[in-house]
There are 2 protein chains.
Amino acid sequence: MPAPRKFTRERLQAAALALVDAAGLDGLTMRSLATELGTGPMTIYNYVDGRGGLERLVTEAVMAEAAWPEPSDDWRADVHAVAEGMWRAVRAHPHAIPLILTRRSLDLTTLRPAEALVQALARSGRSGADLLVAFRTVSAFVTGFAQAELVGPLSRDKDVTETTGRIAALPRDQFAGLAEIATAAEASDPETEFAAGMRIVLHGLQGKTR
Amino acid sequence: MPAPRKFTRERLQAAALALVDAAGLDGLTMRSLATELGTGPMTIYNYVDGRGGLERLVTEAVMAEAAWPEPSDDWRADVHAVAEGMWRAVRAHPHAIPLILTRRSLDLTTLRPAEALVQALARSGRSGADLLVAFRTVSAFVTGFAQAELVGPLSRDKDVTETTGRIAALPRDQFAGLAEIATAAEASDPETEFAAGMRIVLHGLQGKTR
DNA sequence: ACCTGAACACCGTTCAAGT
DNA sequence: ACCTGAACACCGTTCAAGT
(Lines give C-alpha, C1' and ligand atoms only; values in the text may rest on other atoms or scores of the structure.)
Protein backbone atom coordinates (compact mmCIF):
# COMPACT_ATOMS: atom_id res chain seq x y z
CA MET A 1 0.00 0.00 0.00
CA PRO A 2 2.22 2.88 -1.15
CA ALA A 3 1.04 6.43 -0.55
CA PRO A 4 -0.76 7.84 -3.60
CA ARG A 5 -1.57 11.46 -4.10
CA LYS A 6 -4.91 12.08 -5.70
CA PHE A 7 -6.88 11.94 -2.45
CA THR A 8 -5.99 11.96 1.20
CA ARG A 9 -6.90 9.07 3.42
CA GLU A 10 -9.03 11.43 5.50
CA ARG A 11 -10.97 12.39 2.40
CA LEU A 12 -11.70 8.71 1.72
CA GLN A 13 -12.68 8.12 5.33
CA ALA A 14 -15.08 11.02 5.46
CA ALA A 15 -16.71 10.13 2.16
CA ALA A 16 -17.08 6.46 3.11
CA LEU A 17 -18.62 7.26 6.50
CA ALA A 18 -20.96 9.78 4.92
CA LEU A 19 -22.18 7.14 2.50
CA VAL A 20 -22.84 4.68 5.31
CA ASP A 21 -24.64 7.28 7.41
CA ALA A 22 -26.80 8.37 4.51
CA ALA A 23 -27.56 5.11 2.73
CA GLY A 24 -26.71 2.34 5.16
CA LEU A 25 -24.13 -0.35 4.78
CA ASP A 26 -25.37 -1.38 1.36
CA GLY A 27 -24.86 2.19 0.24
CA LEU A 28 -21.12 1.79 0.55
CA THR A 29 -19.53 -0.02 -2.36
CA MET A 30 -16.30 0.41 -4.21
CA ARG A 31 -18.33 1.86 -7.03
CA SER A 32 -20.46 4.24 -4.98
CA LEU A 33 -17.45 5.63 -3.17
CA ALA A 34 -15.60 6.02 -6.46
CA THR A 35 -18.37 7.97 -8.15
CA GLU A 36 -18.73 10.05 -4.99
CA LEU A 37 -15.10 11.00 -5.42
CA GLY A 38 -15.36 11.34 -9.18
CA THR A 39 -13.19 8.39 -10.21
CA GLY A 40 -13.44 4.79 -11.23
CA PRO A 41 -13.72 1.92 -8.75
CA MET A 42 -10.15 0.78 -9.28
CA THR A 43 -8.71 3.97 -7.92
CA ILE A 44 -9.93 3.07 -4.45
CA TYR A 45 -7.57 0.12 -4.44
CA ASN A 46 -4.67 2.52 -4.34
CA TYR A 47 -5.76 3.65 -0.88
CA VAL A 48 -7.36 0.66 0.69
CA ASP A 49 -6.82 -3.07 0.87
CA GLY A 50 -9.96 -4.30 -0.87
CA ARG A 51 -13.46 -4.31 0.52
CA GLY A 52 -12.22 -5.29 3.97
CA GLY A 53 -9.89 -2.33 4.09
CA LEU A 54 -12.72 -0.07 3.05
CA GLU A 55 -14.81 -1.26 5.96
CA ARG A 56 -11.92 -0.87 8.35
CA LEU A 57 -11.70 2.71 7.17
CA VAL A 58 -15.25 3.32 8.34
CA THR A 59 -14.67 1.63 11.69
CA GLU A 60 -11.67 3.83 12.33
CA ALA A 61 -13.55 6.95 11.33
CA VAL A 62 -16.23 6.17 13.89
CA MET A 63 -13.90 5.29 16.73
CA ALA A 64 -11.81 8.38 16.06
CA GLU A 65 -14.77 10.41 17.29
CA ALA A 66 -14.66 8.86 20.74
CA ALA A 67 -13.92 11.50 23.34
CA TRP A 68 -13.43 11.53 27.11
CA PRO A 69 -12.22 13.99 29.75
CA GLU A 70 -8.78 14.19 31.30
CA PRO A 71 -8.08 11.65 34.05
CA SER A 72 -9.31 12.74 37.48
CA ASP A 73 -8.46 11.35 40.89
CA ASP A 74 -11.53 9.10 40.79
CA TRP A 75 -10.78 6.01 38.75
CA ARG A 76 -14.40 4.88 38.78
CA ALA A 77 -15.55 8.14 37.25
CA ASP A 78 -12.77 7.87 34.69
CA VAL A 79 -13.69 4.34 33.66
CA HIS A 80 -17.29 5.40 33.35
CA ALA A 81 -16.35 8.42 31.25
CA VAL A 82 -14.14 6.55 28.79
CA ALA A 83 -16.67 3.76 28.40
CA GLU A 84 -19.42 6.27 27.79
CA GLY A 85 -17.26 8.09 25.25
CA MET A 86 -16.78 4.90 23.28
CA TRP A 87 -20.45 4.06 23.50
CA ARG A 88 -21.52 7.46 22.27
CA ALA A 89 -19.15 7.36 19.32
CA VAL A 90 -20.57 4.02 18.23
CA ARG A 91 -24.18 5.06 18.70
CA ALA A 92 -23.67 8.19 16.63
CA HIS A 93 -23.38 6.02 13.52
CA PRO A 94 -25.91 3.23 13.90
CA HIS A 95 -25.52 2.01 10.35
CA ALA A 96 -21.83 1.42 10.94
CA ILE A 97 -22.32 -0.69 14.06
CA PRO A 98 -22.21 -4.05 12.27
CA LEU A 99 -18.81 -3.11 10.90
CA ILE A 100 -17.50 -2.08 14.29
CA LEU A 101 -18.68 -5.35 15.78
CA THR A 102 -17.21 -7.34 12.97
CA ARG A 103 -14.16 -5.73 11.42
CA ARG A 104 -10.86 -5.93 13.24
CA SER A 105 -8.97 -2.67 13.43
CA LEU A 106 -5.69 -1.97 15.12
CA ASP A 107 -4.81 1.52 14.01
CA LEU A 108 -3.57 3.89 16.63
CA THR A 109 -6.70 6.02 16.70
CA THR A 110 -8.89 3.05 17.56
CA LEU A 111 -6.52 1.86 20.25
CA ARG A 112 -6.34 5.22 21.99
CA PRO A 113 -9.65 4.92 23.85
CA ALA A 114 -8.77 1.33 24.74
CA GLU A 115 -5.53 2.52 26.24
CA ALA A 116 -7.32 5.24 28.18
CA LEU A 117 -9.62 2.58 29.58
CA VAL A 118 -6.74 0.37 30.69
CA GLN A 119 -5.08 3.35 32.32
CA ALA A 120 -8.20 4.27 34.26
CA LEU A 121 -8.61 0.67 35.41
CA ALA A 122 -4.96 0.50 36.41
CA ARG A 123 -5.60 3.40 38.76
CA SER A 124 -7.83 1.04 40.75
CA GLY A 125 -4.64 -0.74 41.76
CA ARG A 126 -4.95 -3.64 39.35
CA SER A 127 -2.19 -5.06 37.21
CA GLY A 128 -1.39 -8.12 35.12
CA ALA A 129 -4.15 -10.70 34.87
CA ASP A 130 -6.51 -8.71 37.10
CA LEU A 131 -6.11 -5.68 34.89
CA LEU A 132 -6.70 -7.80 31.81
CA VAL A 133 -9.95 -9.21 33.15
CA ALA A 134 -11.17 -5.80 34.23
CA PHE A 135 -10.45 -4.44 30.77
CA ARG A 136 -12.18 -7.33 29.09
CA THR A 137 -15.23 -6.97 31.30
CA VAL A 138 -15.76 -3.26 30.75
CA SER A 139 -15.03 -3.54 27.02
CA ALA A 140 -17.45 -6.41 26.67
CA PHE A 141 -20.12 -4.43 28.45
CA VAL A 142 -19.71 -1.44 26.16
CA THR A 143 -19.72 -3.26 22.85
CA GLY A 144 -22.32 -5.75 24.02
CA PHE A 145 -24.60 -2.93 25.08
CA ALA A 146 -24.27 -1.28 21.68
CA GLN A 147 -24.93 -4.62 20.03
CA ALA A 148 -28.09 -5.19 22.05
CA GLU A 149 -29.46 -1.84 20.99
CA LEU A 150 -28.91 -2.91 17.41
CA VAL A 151 -30.34 -6.41 17.36
CA GLY A 152 -31.22 -7.61 20.86
CA PRO A 153 -34.63 -8.98 21.78
CA LEU A 154 -35.56 -5.65 23.34
CA SER A 155 -34.02 -3.44 20.69
CA ARG A 156 -36.11 -0.41 19.90
CA ASP A 157 -37.07 -0.26 16.29
CA LYS A 158 -38.54 2.82 14.68
CA ASP A 159 -41.45 2.63 17.08
CA VAL A 160 -41.16 1.33 20.59
CA THR A 161 -44.56 -0.27 20.44
CA GLU A 162 -43.38 -2.76 17.88
CA THR A 163 -40.76 -4.19 20.21
CA THR A 164 -43.17 -4.62 23.05
CA GLY A 165 -45.68 -5.95 20.61
CA ARG A 166 -43.34 -8.67 19.46
CA ILE A 167 -42.63 -9.75 23.00
CA ALA A 168 -46.25 -9.45 24.02
CA ALA A 169 -47.16 -11.77 21.18
CA LEU A 170 -45.08 -14.54 22.74
CA PRO A 171 -46.62 -17.35 24.75
CA ARG A 172 -47.10 -15.62 28.08
CA ASP A 173 -46.49 -18.65 30.25
CA GLN A 174 -43.15 -19.46 28.64
CA PHE A 175 -41.77 -15.95 28.46
CA ALA A 176 -43.09 -14.14 31.50
CA GLY A 177 -39.68 -12.73 32.39
CA LEU A 178 -39.05 -11.22 28.98
CA ALA A 179 -42.54 -9.79 28.99
CA GLU A 180 -41.86 -8.08 32.28
CA ILE A 181 -38.62 -6.43 31.22
CA ALA A 182 -40.11 -5.50 27.85
CA THR A 183 -42.71 -3.51 29.75
CA ALA A 184 -40.02 -1.92 31.87
CA ALA A 185 -38.11 -1.03 28.70
CA GLU A 186 -41.04 0.99 27.46
CA ALA A 187 -40.72 3.41 30.35
CA SER A 188 -36.94 3.53 30.08
CA ASP A 189 -34.30 4.82 27.69
CA PRO A 190 -30.81 3.72 26.60
CA GLU A 191 -29.02 6.52 28.41
CA THR A 192 -30.26 5.64 31.87
CA GLU A 193 -29.94 1.92 31.20
CA PHE A 194 -26.33 2.33 30.15
CA ALA A 195 -25.57 4.40 33.23
CA ALA A 196 -27.26 1.87 35.49
CA GLY A 197 -25.45 -1.05 33.88
CA MET A 198 -22.17 0.77 34.16
CA ARG A 199 -22.86 1.29 37.84
CA ILE A 200 -23.29 -2.45 38.29
CA VAL A 201 -20.03 -3.20 36.52
CA LEU A 202 -18.17 -0.57 38.52
CA HIS A 203 -19.63 -1.90 41.74
CA GLY A 204 -18.34 -5.29 40.68
CA LEU A 205 -14.89 -3.86 40.16
CA GLN A 206 -14.83 -2.06 43.45
CA GLY A 207 -12.64 -3.19 46.29
CA LYS A 208 -11.47 -6.27 44.48
CA THR A 209 -7.87 -5.42 43.68
CA ARG A 210 -7.33 -9.12 43.34
CA MET B 1 -43.89 -17.87 3.88
CA PRO B 2 -46.20 -20.87 3.44
CA ALA B 3 -44.94 -24.30 4.43
CA PRO B 4 -43.51 -26.19 1.45
CA ARG B 5 -42.69 -29.83 1.44
CA LYS B 6 -39.54 -30.70 -0.40
CA PHE B 7 -37.26 -30.04 2.55
CA THR B 8 -37.76 -29.43 6.23
CA ARG B 9 -36.67 -26.23 7.85
CA GLU B 10 -34.32 -28.23 10.06
CA ARG B 11 -32.69 -29.70 6.98
CA LEU B 12 -32.06 -26.21 5.63
CA GLN B 13 -30.73 -25.03 8.97
CA ALA B 14 -28.31 -27.89 9.33
CA ALA B 15 -27.03 -27.56 5.79
CA ALA B 16 -26.60 -23.80 6.09
CA LEU B 17 -24.72 -24.05 9.38
CA ALA B 18 -22.53 -26.82 8.00
CA LEU B 19 -21.59 -24.61 5.07
CA VAL B 20 -20.67 -21.73 7.37
CA ASP B 21 -18.65 -23.97 9.65
CA ALA B 22 -16.79 -25.52 6.78
CA ALA B 23 -16.24 -22.62 4.42
CA GLY B 24 -16.87 -19.48 6.45
CA LEU B 25 -19.50 -16.87 5.90
CA ASP B 26 -18.63 -16.41 2.24
CA GLY B 27 -19.21 -20.11 1.76
CA LEU B 28 -22.90 -19.64 2.40
CA THR B 29 -24.80 -18.31 -0.60
CA MET B 30 -28.19 -19.02 -2.01
CA ARG B 31 -26.44 -20.91 -4.74
CA SER B 32 -24.09 -22.93 -2.56
CA LEU B 33 -26.89 -24.00 -0.25
CA ALA B 34 -29.06 -24.91 -3.22
CA THR B 35 -26.45 -27.11 -4.85
CA GLU B 36 -25.73 -28.65 -1.45
CA LEU B 37 -29.39 -29.65 -1.34
CA GLY B 38 -29.50 -30.59 -5.00
CA THR B 39 -31.79 -27.85 -6.28
CA GLY B 40 -31.73 -24.47 -7.91
CA PRO B 41 -31.21 -21.24 -5.96
CA MET B 42 -34.83 -20.16 -6.27
CA THR B 43 -36.08 -23.09 -4.29
CA ILE B 44 -34.51 -21.63 -1.15
CA TYR B 45 -36.89 -18.70 -1.39
CA ASN B 46 -39.74 -21.04 -0.58
CA TYR B 47 -38.31 -21.60 2.87
CA VAL B 48 -36.58 -18.40 3.77
CA ASP B 49 -37.13 -14.67 3.39
CA GLY B 50 -34.21 -13.76 1.16
CA ARG B 51 -30.60 -13.57 2.16
CA GLY B 52 -31.47 -12.03 5.52
CA GLY B 53 -33.74 -14.91 6.35
CA LEU B 54 -31.01 -17.33 5.41
CA GLU B 55 -28.65 -15.71 7.86
CA ARG B 56 -31.27 -15.68 10.56
CA LEU B 57 -31.58 -19.40 10.00
CA VAL B 58 -27.94 -19.84 10.90
CA THR B 59 -28.19 -17.64 13.96
CA GLU B 60 -31.08 -19.67 15.23
CA ALA B 61 -29.28 -22.93 14.57
CA VAL B 62 -26.36 -21.78 16.69
CA MET B 63 -28.41 -20.43 19.57
CA ALA B 64 -30.52 -23.57 19.61
CA GLU B 65 -27.45 -25.40 20.85
CA ALA B 66 -27.23 -23.31 24.01
CA ALA B 67 -27.68 -25.50 27.06
CA TRP B 68 -27.81 -24.90 30.81
CA PRO B 69 -28.71 -26.89 33.92
CA GLU B 70 -31.97 -26.82 35.83
CA PRO B 71 -32.41 -23.86 38.16
CA SER B 72 -30.87 -24.38 41.59
CA ASP B 73 -31.39 -22.46 44.81
CA ASP B 74 -28.36 -20.28 44.03
CA TRP B 75 -29.33 -17.55 41.59
CA ARG B 76 -25.74 -16.46 41.08
CA ALA B 77 -24.71 -19.94 40.02
CA ASP B 78 -27.73 -20.06 37.74
CA VAL B 79 -26.95 -16.75 36.06
CA HIS B 80 -23.38 -17.87 35.55
CA ALA B 81 -24.50 -21.19 34.08
CA VAL B 82 -26.96 -19.73 31.58
CA ALA B 83 -24.50 -17.04 30.50
CA GLU B 84 -21.82 -19.64 30.03
CA GLY B 85 -24.19 -21.84 28.05
CA MET B 86 -24.90 -19.00 25.63
CA TRP B 87 -21.24 -18.16 25.35
CA ARG B 88 -20.25 -21.74 24.60
CA ALA B 89 -22.90 -22.09 21.92
CA VAL B 90 -21.62 -18.99 20.16
CA ARG B 91 -17.98 -19.97 20.44
CA ALA B 92 -18.66 -23.37 18.96
CA HIS B 93 -19.28 -21.73 15.60
CA PRO B 94 -16.76 -18.94 15.26
CA HIS B 95 -17.51 -18.32 11.61
CA ALA B 96 -21.14 -17.61 12.46
CA ILE B 97 -20.36 -15.02 15.15
CA PRO B 98 -20.68 -12.01 12.84
CA LEU B 99 -24.19 -13.12 11.99
CA ILE B 100 -25.13 -13.58 15.62
CA LEU B 101 -23.83 -10.13 16.44
CA THR B 102 -25.60 -8.61 13.50
CA ARG B 103 -28.78 -10.43 12.55
CA ARG B 104 -31.88 -9.88 14.64
CA SER B 105 -33.72 -13.05 15.53
CA LEU B 106 -36.82 -13.43 17.61
CA ASP B 107 -37.74 -17.05 17.19
CA LEU B 108 -38.70 -18.98 20.27
CA THR B 109 -35.55 -21.09 20.36
CA THR B 110 -33.32 -18.03 20.51
CA LEU B 111 -35.43 -16.41 23.21
CA ARG B 112 -35.39 -19.44 25.46
CA PRO B 113 -31.91 -18.89 26.92
CA ALA B 114 -32.74 -15.19 27.28
CA GLU B 115 -35.81 -16.09 29.28
CA ALA B 116 -33.81 -18.48 31.45
CA LEU B 117 -31.41 -15.65 32.16
CA VAL B 118 -34.17 -13.27 33.18
CA GLN B 119 -35.65 -15.92 35.43
CA ALA B 120 -32.35 -16.54 37.17
CA LEU B 121 -31.85 -12.81 37.68
CA ALA B 122 -35.38 -12.45 38.99
CA ARG B 123 -34.48 -14.93 41.71
CA SER B 124 -32.10 -12.29 43.06
CA GLY B 125 -35.18 -10.34 44.08
CA ARG B 126 -35.14 -7.88 41.20
CA SER B 127 -38.11 -6.81 39.15
CA GLY B 128 -39.13 -4.11 36.69
CA ALA B 129 -36.44 -1.63 35.74
CA ASP B 130 -33.83 -3.26 38.01
CA LEU B 131 -34.44 -6.61 36.39
CA LEU B 132 -34.18 -5.02 32.96
CA VAL B 133 -30.83 -3.44 33.73
CA ALA B 134 -29.47 -6.64 35.22
CA PHE B 135 -30.53 -8.53 32.12
CA ARG B 136 -29.00 -5.97 29.81
CA THR B 137 -25.74 -5.99 31.74
CA VAL B 138 -25.24 -9.74 31.75
CA SER B 139 -26.34 -10.06 28.12
CA ALA B 140 -24.00 -7.30 27.07
CA PHE B 141 -21.14 -9.00 28.89
CA VAL B 142 -21.76 -12.31 27.16
CA THR B 143 -22.08 -11.05 23.60
CA GLY B 144 -19.41 -8.42 24.09
CA PHE B 145 -17.02 -11.06 25.36
CA ALA B 146 -17.66 -13.22 22.33
CA GLN B 147 -17.20 -10.20 20.10
CA ALA B 148 -13.86 -9.32 21.67
CA GLU B 149 -12.57 -12.81 21.05
CA LEU B 150 -13.47 -12.33 17.41
CA VAL B 151 -12.08 -8.89 16.64
CA GLY B 152 -10.88 -7.15 19.81
CA PRO B 153 -7.40 -5.68 20.15
CA LEU B 154 -6.31 -8.73 22.13
CA SER B 155 -8.08 -11.32 20.04
CA ARG B 156 -6.08 -14.46 19.54
CA ASP B 157 -5.49 -15.21 15.91
CA LYS B 158 -4.19 -18.52 14.70
CA ASP B 159 -1.04 -17.99 16.69
CA VAL B 160 -0.97 -16.13 19.98
CA THR B 161 2.39 -14.61 19.23
CA GLU B 162 0.96 -12.52 16.44
CA THR B 163 -1.44 -10.72 18.77
CA THR B 164 1.25 -9.88 21.24
CA GLY B 165 3.51 -8.97 18.38
CA ARG B 166 1.05 -6.44 17.04
CA ILE B 167 0.68 -4.81 20.43
CA ALA B 168 4.39 -4.97 21.12
CA ALA B 169 5.00 -3.11 17.87
CA LEU B 170 3.05 -0.12 19.17
CA PRO B 171 4.76 2.96 20.52
CA ARG B 172 5.59 1.78 24.03
CA ASP B 173 5.17 5.13 25.72
CA GLN B 174 1.68 5.70 24.33
CA PHE B 175 0.32 2.19 24.87
CA ALA B 176 1.96 0.89 28.00
CA GLY B 177 -1.33 -0.32 29.44
CA LEU B 178 -2.30 -2.36 26.40
CA ALA B 179 1.19 -3.81 26.29
CA GLU B 180 0.85 -4.95 29.88
CA ILE B 181 -2.46 -6.74 29.41
CA ALA B 182 -1.30 -8.21 26.11
CA THR B 183 1.49 -9.87 28.02
CA ALA B 184 -0.98 -11.09 30.64
CA ALA B 185 -3.18 -12.45 27.87
CA GLU B 186 -0.37 -14.67 26.68
CA ALA B 187 -0.39 -16.58 29.93
CA SER B 188 -4.16 -16.73 30.07
CA ASP B 189 -7.02 -18.36 28.20
CA PRO B 190 -10.63 -17.42 27.30
CA GLU B 191 -12.20 -19.87 29.72
CA THR B 192 -10.64 -18.45 32.86
CA GLU B 193 -11.05 -14.89 31.63
CA PHE B 194 -14.74 -15.43 31.01
CA ALA B 195 -15.18 -16.97 34.45
CA ALA B 196 -13.29 -14.12 36.10
CA GLY B 197 -15.27 -11.49 34.22
CA MET B 198 -18.49 -13.21 35.11
CA ARG B 199 -17.45 -13.14 38.76
CA ILE B 200 -17.00 -9.37 38.54
CA VAL B 201 -20.42 -8.90 37.01
CA LEU B 202 -22.05 -11.15 39.58
CA HIS B 203 -20.30 -9.30 42.38
CA GLY B 204 -21.71 -6.13 40.92
CA LEU B 205 -25.18 -7.61 40.97
CA GLN B 206 -24.89 -8.86 44.51
CA GLY B 207 -26.80 -7.26 47.33
CA LYS B 208 -28.19 -4.53 45.17
CA THR B 209 -31.85 -5.46 44.87
CA ARG B 210 -32.46 -1.86 44.03
C1' DA C 1 -50.01 -24.84 -4.53
C1' DC C 2 -45.47 -25.39 -4.95
C1' DC C 3 -41.41 -25.40 -7.59
C1' DT C 4 -37.67 -23.52 -10.64
C1' DG C 5 -34.90 -21.99 -14.93
C1' DA C 6 -33.53 -17.84 -17.49
C1' DA C 7 -32.36 -13.31 -17.19
C1' DC C 8 -31.19 -8.84 -14.85
C1' DA C 9 -28.84 -5.64 -12.19
C1' DC C 10 -25.69 -5.44 -9.38
C1' DC C 11 -21.10 -6.70 -6.74
C1' DG C 12 -15.61 -7.10 -5.85
C1' DT C 13 -11.61 -7.88 -8.18
C1' DT C 14 -7.95 -9.38 -12.03
C1' DC C 15 -5.51 -7.87 -15.69
C1' DA C 16 -3.52 -5.18 -18.76
C1' DA C 17 -2.75 -0.90 -20.48
C1' DG C 18 -2.37 3.87 -20.01
C1' DT C 19 0.38 8.32 -18.28
C1' DA D 1 5.12 5.49 -9.90
C1' DC D 2 0.57 6.02 -9.92
C1' DC D 3 -3.77 5.64 -12.09
C1' DT D 4 -7.78 3.35 -14.41
C1' DG D 5 -10.99 1.20 -18.08
C1' DA D 6 -12.59 -3.29 -19.76
C1' DA D 7 -13.68 -7.71 -18.61
C1' DC D 8 -14.57 -11.72 -15.47
C1' DA D 9 -16.63 -14.42 -12.09
C1' DC D 10 -19.46 -14.12 -9.00
C1' DC D 11 -23.73 -12.41 -6.15
C1' DG D 12 -29.13 -11.84 -4.78
C1' DT D 13 -33.37 -11.45 -6.76
C1' DT D 14 -37.42 -10.57 -10.40
C1' DC D 15 -40.20 -12.63 -13.47
C1' DA D 16 -42.48 -15.79 -15.86
C1' DA D 17 -43.34 -20.29 -16.73
C1' DG D 18 -43.58 -24.93 -15.49
C1' DT D 19 -46.07 -29.03 -12.76
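Within every chain, numbering begins at 1; the chains are lettered A, B, ... in the order of the sequence lines, protein sequences first and strands thereafter. Quick caveat: nothing in here was measured; it's all calculated off a predicted structure.
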- Task: Would you mind pulling out the nucleotide paired to D:dA17, Watson-Crick or G-U wobble, both distances under 3.5 Å?
- Result: none

- Task: Give the intermediate values and the outcome of salt bridge (Lys or Arg N to Asp or Glu O under 4.0 Å) for residues B:Arg103 and B:Glu60.
- Result: CA-CA 10 Å; B:Arg103 288 353 278 205; B:Glu60 294 170 12; over 6 Å; no

- Task: Take atom CZ of B:Phe7 and atom C1' of C:dT4, then tell me their distance rounded to the nearest Å.
- Result: 12 Å

- Message: Show the nearest heavy-atom pair for residues A:Leu101 and B:Gln147, with the distance to one decimal.
- Response: O-NE2, 3.1 Å

- Can you tell me the distance, in whole Å, between the CD atom of B:Glu55 and the C1' atom of D:dG12? 11 Å

- Of the candidate nucleotides D:dC11, D:dT4, D:dC3, which contains the atom at the shortest distance from the side chain of B:Arg31? D:dC11

- note: B:Met30, atom CE; D:dC10, atom P; distance rounded to Å ~ 18 Å

- Whole-Å distance between D:dA16 P and B:Met42 CE? 14 Å

- Message: Nearest to the A:Thr29 side chain among C:dG12, D:dG12, D:dT14, which nucleotide is it?
- Response: C:dG12

- To the nearest angstrom, how far is B:Leu54 atom CG from D:dC11 atom C1'? 13 Å

- Starting at CG of B:Leu33 and ending at P of D:dG12, how long is that distance when rounded to a whole Å? 10 Å

- For the side chain of A:Tyr47, counting heavy atoms from C-beta on, which of D:dC3, C:dG12, D:dG5 is nearest? D:dC3

- Query: Considering only C:dG12, C:dA6, C:dC3, which nucleotide approaches the side chain of A:Tyr45 most closely?
  - Reply: C:dG12

- Heavy-atom closest pair (A:Ala122 atom, A:Leu131 atom, distance to 0.1 Å) is N-CD1, 3.6 Å

- Note on the structure: Per atom distances to the B:Pro41 side chain, the nearest of D:dT4, D:dT13, D:dG12 is D:dT13

- Task: Would you check if there is a donor-acceptor pair between the side chains of B:Ser124 and B:Arg126 at a distance under 3.5 Å?
- Result: yes

- Message: If I take atom CD1 in residue A:Ile44 and atom C1' in nucleotide D:dT4, what distance separates them, rounded to the nearest angstrom?
- Response: 11 Å

- Query: Can you check whether A:Thr43 has a side-chain N or O nearer than 4.0 Å to OP1 or OP2 of D:dT4?
  - Reply: yes

- Item | Proximal nucleotide (of D:dT4, D:dT13, C:dT13) relative to the A:Asn46 side chain | D:dT4

- Task: Report the base-pairing partner of D:dC8 (Watson-Crick or G-U wobble, both distances below 3.5 angstrom), or none.
- Result: C:dG12

- Message: Tell me whether B:Tyr47 contacts the main-chain N or O of B:Lys6 through its side chain, where contact means a donor paired with an acceptor under 3.5 Å.
- Response: yes

- Choose from D:dT13, D:dC3, C:dT13 the nucleotide whose nearest atom is closest to any side-chain atom of B:Arg51. D:dT13

- Between D:dG12 (P) and B:Asp26 (CG): distance, integer Å: 10 Å

- Among the nucleotides C:dG12, D:dC3, D:dT13, which one has an atom lying closest to any side-chain atom of A:Lys6? D:dC3

